Chemist: 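Just passing along the structure, written as structure tokens.
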Amino acid sequence: MSEKVKSIRGMQALLPEILEKWQAIEQIVKGVFNAYAFKEIRTPVVERSELFQRTIGENTDVVSKEMYSFKDRKDQSLSLRPEATAGIIRAGIEHSLFYNQTQKLWSMGPMYRYERPQKGRYRQFHQINMEAFGFSGPEIDAEIILMTARIWKLLKVDNLQLEINSLGTPVSRNKYRAELQHYFLEHRAILDEDSLVRLEKNPMRILDSKNPDLQSIIETAPKMLDFLDAESSEHFEKLKETLTSNGIQFVLNDKLVRGLDYYTKTVFEWTTDQLGSQATVCGGGRYDGLVKELGGQDIPAIGCAIGVERLTELVAVSDENPQNKQPKIYIVAVGKDAENRALILSEKIRDLGHGISVAMNMDGGSFKQQFKRADKSGSDLALIIGEEEIESGTVSIKSMKSDAEQKSVDEAKVLEEIKQYL
């Protein structure tokens with residue numbers, strides 16, 4: 001017997017029961033994007049490696065350790081995308097989407113990073129991205145955050161915390177990096193190997209270290225907010241005022257720097273304590289110089305990404321999540337005449353809309369066997385058609401989620417009964 005072909009470690013198949021949950025979430029998210037006038041864009045999964053080296057930063061862990069890169073037949077270095085923003089900007093420049101105009105775009109799809117797989121972190125993972133170009137004021141920062149807050153509200157997720165920080169303009173950020181590097185040089189003897197590398201390349205990343213031995217010196221390190229220039233400070237204050245006036249609670253996290261080099265001014269994360277070590281469900285910020293860096297106009301930009309796997313897990317821990325409220329009906333039919341009537345009835349139920357899922361027994365079997373299938377399907381209601389129902393022109397209705405008695409309803413009134421149930 002030949003050996004089974006296995007999946008690549010950290011790359012999961014999305015099975016039907018998982019996709020059902022994903023699609024319920026995606027439907028809500030797409031509705032929110034439409035409400036805020038964001039338009040969809042789809043970019044290739046593969047890009048030139050140079051794109052990510054220039055945008056994310058050659059010294060970041062993502063580029064130096066985690067990208068899936070390879071040579072094509074023309075000896076060009078290509079990479080599976082580790083994030084979406086770079087590809088969206090490349091497409092925008094190439095197709096003149098940013099020339100003297102603003103754009104609000106969203107995308108959804110798989111990303112790839114060679115990380116150690118664990119719960120909530122995979123080598124193929126999926127993100128929902130939202131990006132806005134050409135808006136310089138803090139209003140768009142607030143709108144992006146308000147969009148994400150609306151998504152959590154519609155998904156009935158209330159155990160997320162918003163953390164915000166400002167990284168300032170490149171000028172103020174460079175002054176801060178120099179001060180931070182000087183500070184950590186004085187504590188060089190206790191820095192771990194990763195922090196020593198970051199000390200030379202990007203000392204701000206040391207603030208993101210999870211090493212418990214470094215937390216005391218990280219806590220007393222210089223604060224970015226003390227180095228903000230007037231422009232960045234005013235921008236950040238206005239953002240905080242707007243969030244507060246819209247009832248959005250937040251925590252100032254002066255150690256929040258994000259993992260990519262291109263961020264400026266506002267950065268933020270939505271975190272949770274419900275998913276173990278993988279606390280960040282959504283994160284992003286401004287990257288005002290990135291379009292110019294890739295050869296486009298010098299325009300401001302902001303974006304964020306939601307981790308679909310983590311969001312799905314978070315929704316699953318809530319009893320109020322939408323997919324648990326989608327009604328499911330299973331039609332039990334015994335006999336050829338009953339099967340024909342069941343098929344007609346199933347189409348009429350689907351015409352009602354309301355997101356009803358209707359499954360009809362397709363494999364024959366006794367009432368007992370079919371009820372087992374109905375129960376296994378997780379249906380809320382079972383509609384029963386047998387010889388007795390055929391003769392009387394009725395349909396029997398049985399609740400699969402309660403002890404309510406089974407009742408018989410005239411066939412002409414079945415749809416009204418289902419509407420009342422909804």
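What you see is a predicted model; the values in this text were computed from it and never measured.
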Chemist: Less than 4.0 angstrom from a charged side-chain N to a carboxylate O is my criterion; do Glu115 and Arg121 meet it?
Modeler: yes
Chemist: Show your working on side chain to side chain donor-acceptor pair (under 3.5 Å) between Thr55 and Tyr287 and close with a plain yes or no.
Modeler: CA-CA 10 Å; Thr55 56; Tyr287 42 90; over 6 Å; no
Chemist: Would Glu313 and Arg310 pass as an ion pair if we require N to O under 4.0 Å?
Modeler: no
Chemist: Within a reach of under 6.0 Å around CD of Gln406, are more than 12 heavy atoms found that belong to other residues, nucleotides or ligands?
Modeler: yes
Chemist: Tell me whether the NZ or CZ atom of Arg373 lies within the 45° cone about the ring axis of Tyr330 and under 6.0 Å from its centre.
Modeler: no
Chemist: Between Glu200 and Arg188, is there a side-chain N and carboxylate O pair less than 4.0 Å apart?
Modeler: yes
Chemist: Tell me the closest heavy-atom pair linking Arg177 and Pro203, and the distance in Å.
Modeler: O-CG, 3.6 Å
Chemist: Counting C-beta onward and ignoring hydrogens, is there a side-chain heavy-atom pair between Leu343 and Ile331 closer than 4.5 Å?
Modeler: no
Chemist: After noting the C-alpha distance and the side-chain angles of Asp192 and Asn211, does the key distance pass the side chain to side chain donor-acceptor pair (under 3.5 Å) rule?
Modeler: CA-CA 8 Å; Asp192 58 24; Asn211 186 340; 2.9 Å; yes
Chemist: Counting heavy atoms not belonging to Lys175, are there more than 12 under 6.0 Å from its NZ?
Modeler: no
Chemist: Between Arg150 and Tyr36, does a side chain to side chain donor-acceptor pair (under 3.5 Å) hold up when you go through it step by step?
Modeler: CA-CA 11 Å; Arg150 184 172 294 274; Tyr36 286 82; 3.0 Å; yes
Chemist: Considering all heavy atoms of both residues, which atom of Pro110 and which atom of Gln124 are nearest to each other, and what is their separation?
Modeler: CB-CG, 4.1 Å
Chemist: Which pairs with one or both residues in residues 26-42 pass salt bridge (Lys or Arg N to Asp or Glu O under 4.0 Å), sequence neighbours excluded?
Modeler: Glu40-Arg42
Chemist: Is there a side-chain contact between Met147 and Met130 (heavy atoms, below 4.5 Å)?
Modeler: yes
Chemist: Identify whether the distance between the nearest side-chain nitrogen and carboxylate oxygen of Asp288 and Arg286 falls below 4.0 Å.
Modeler: yes
Chemist: For residues Met108 and His126, determine if any side-chain heavy atom of one lies less than 4.5 Å from a side-chain heavy atom of the other.
Modeler: no
Chemist: For the residue pair Ser166 and Thr266, establish whether any side-chain heavy-atom pair is separated by less than 4.5 Å.
Modeler: no
Chemist: Using ring-ring contact (aromatic ring centres under 6.0 Å, His included) as the criterion, list what pairs up with Phe133, not counting sequence neighbours.
Modeler: Phe98
Chemist: Nearest 0.5 angstrom please: Lys6 NZ to Glu3 CD, how far?
Modeler: 6.5 Å
Chemist: In Å and rounded to the nearest 0.5 Å, what is the CD1 to CD distance from Ile302 to Glu143?
Modeler: 10.0 Å
Chemist: Side chains of Thr85 and Glu131: donor-acceptor distance under 3.5 Å anywhere?
Modeler: yes
Chemist: So, Glu139 and Lys238, do they make that salt bridge, N to O below 4.0 Å?
Modeler: no
Chemist: Heavy-atom count check: over 12 atoms from other residues, nucleotides or ligands less than 6.0 Å from Phe367 CZ?
Modeler: yes
Chemist: Measuring only between side-chain heavy atoms, which start at C-beta, is Glu231 closer than 4.5 Å to Phe236?
Modeler: no
Chemist: Would you indicate whether the side-chain heavy atoms of Phe184 and Leu207 approach each other to under 4.5 Å?
Modeler: yes
Chemist: Around atom CD of Glu219, are there more than 12 heavy atoms from other residues, nucleotides or ligands closer than 6.0 Å?
Modeler: no
Chemist: Using a cut-off of 6.0 Å, state whether more than 12 heavy atoms not belonging to Glu241 lie near its atom CD.
Modeler: yes
Chemist: Using the ring-ring contact (aromatic ring centres under 6.0 Å, His included) criterion, which residues pair with His235? Sequence neighbours excluded.
Modeler: none
Chemist: When you check the side-chain N and O atoms of Glu66 and Tyr114, is any donor under 3.5 Å from an acceptor?
Modeler: no
Chemist: Do Arg54 side-chain atoms and Glu293 backbone N/O form a donor-acceptor pair below 3.5 Å?
Modeler: yes
Chemist: Quick check: closest heavy atoms across Arg90 and Pro44, and the distance to 0.1 Å?
Modeler: NH2-CD, 3.4 Å
Chemist: Using the salt bridge (Lys or Arg N to Asp or Glu O under 4.0 Å) rule, take Asp194 and Lys65 through it: C-alpha gap first, then chi angles, then the decisive distance, then the call.
Modeler: CA-CA 12 Å; Asp194 276 348; Lys65 299 178 182 179; 3.6 Å; yes
Chemist: Test side-chain contact (heavy atoms from CB on, under 4.5 Å) on Glu269 and Ile164 and set out the steps.
Modeler: CA-CA 7 Å; Glu269 289 183 353; Ile164 64 173; over 6 Å; no
Chemist: Measuring centre to centre across the rings, with the benzene-like ring taken for any Trp, is Phe33 within less than 6.0 Å of Trp106?
Modeler: yes
Chemist: Looking only at atom types and distance, does a side-chain atom of Thr312 sit under 3.5 Å from a main-chain N or O of Val308, one as donor and one as acceptor?
Modeler: yes
Chemist: Counting only heavy atoms not in Ile8, do more than 12 sit closer than 6.0 Å to its CD1 atom?
Modeler: no
Chemist: Does any part of the side chain of Val32, heavy atoms only, come nearer than 4.5 Å to the side chain of Phe38, both counted from C-beta?
Modeler: no
Chemist: Within the structure provided, determine whether Ile218 and Gln215 are in side-chain contact (heavy-atom separation under 4.5 Å).
Modeler: yes
Chemist: Go through the steps to decide whether Thr169 and Arg173 satisfy the test side chain to side chain donor-acceptor pair (under 3.5 Å), and finish with yes or no.
Modeler: CA-CA 6 Å; Thr169 61; Arg173 185 174 175 174; over 6 Å; no
Chemist: Within a reach of under 6.0 Å around CD of Gln249, are more than 12 heavy atoms found that belong to other residues, nucleotides or ligands?
Modeler: no
Chemist: So which atom in Ile329 and which in Ser379 form the shortest heavy-atom distance, rounded to 0.1 Å?
Modeler: C-OG, 3.9 Å
Chemist: Under the criterion side-chain contact (heavy atoms from CB on, under 4.5 Å), I'd like the reasoning laid out for Ile418 against Leu383: C-alpha separation, chi angles, the key distance, then a yes or no.
Modeler: CA-CA 10 Å; Ile418 291 172; Leu383 305 184; 4.0 Å; yes
Chemist: Short question: side chain of Thr271, backbone of Thr280 - any donor-acceptor pair under 3.5 Å?
Modeler: no
Chemist: Determine whether Gln297 and Tyr99 satisfy the following criterion, side-chain contact (heavy atoms from CB on, under 4.5 Å), listing intermediate values before the conclusion.
Modeler: CA-CA 7 Å; Gln297 287 184 295; Tyr99 187 73; 3.8 Å; yes
Chemist: Strictly by modelled atom types, are Ser399 and Ser402 linked by a side-chain donor-acceptor pair under 3.5 Å?
Modeler: yes
Chemist: What closest approach, in Å, do Phe52 and Leu80 show between heavy atoms, and which atom pair accounts for it?
Modeler: CE1-O, 4.5 Å
Chemist: Step by step, would you call Leu167 with Leu256 a side-chain contact (heavy atoms from CB on, under 4.5 Å)?
Modeler: CA-CA 9 Å; Leu167 302 181; Leu256 177 60; over 6 Å; no
Chemist: Is Glu163 paired with Lys255 through a side-chain N to carboxylate O contact shorter than 4.0 Å?
Modeler: no
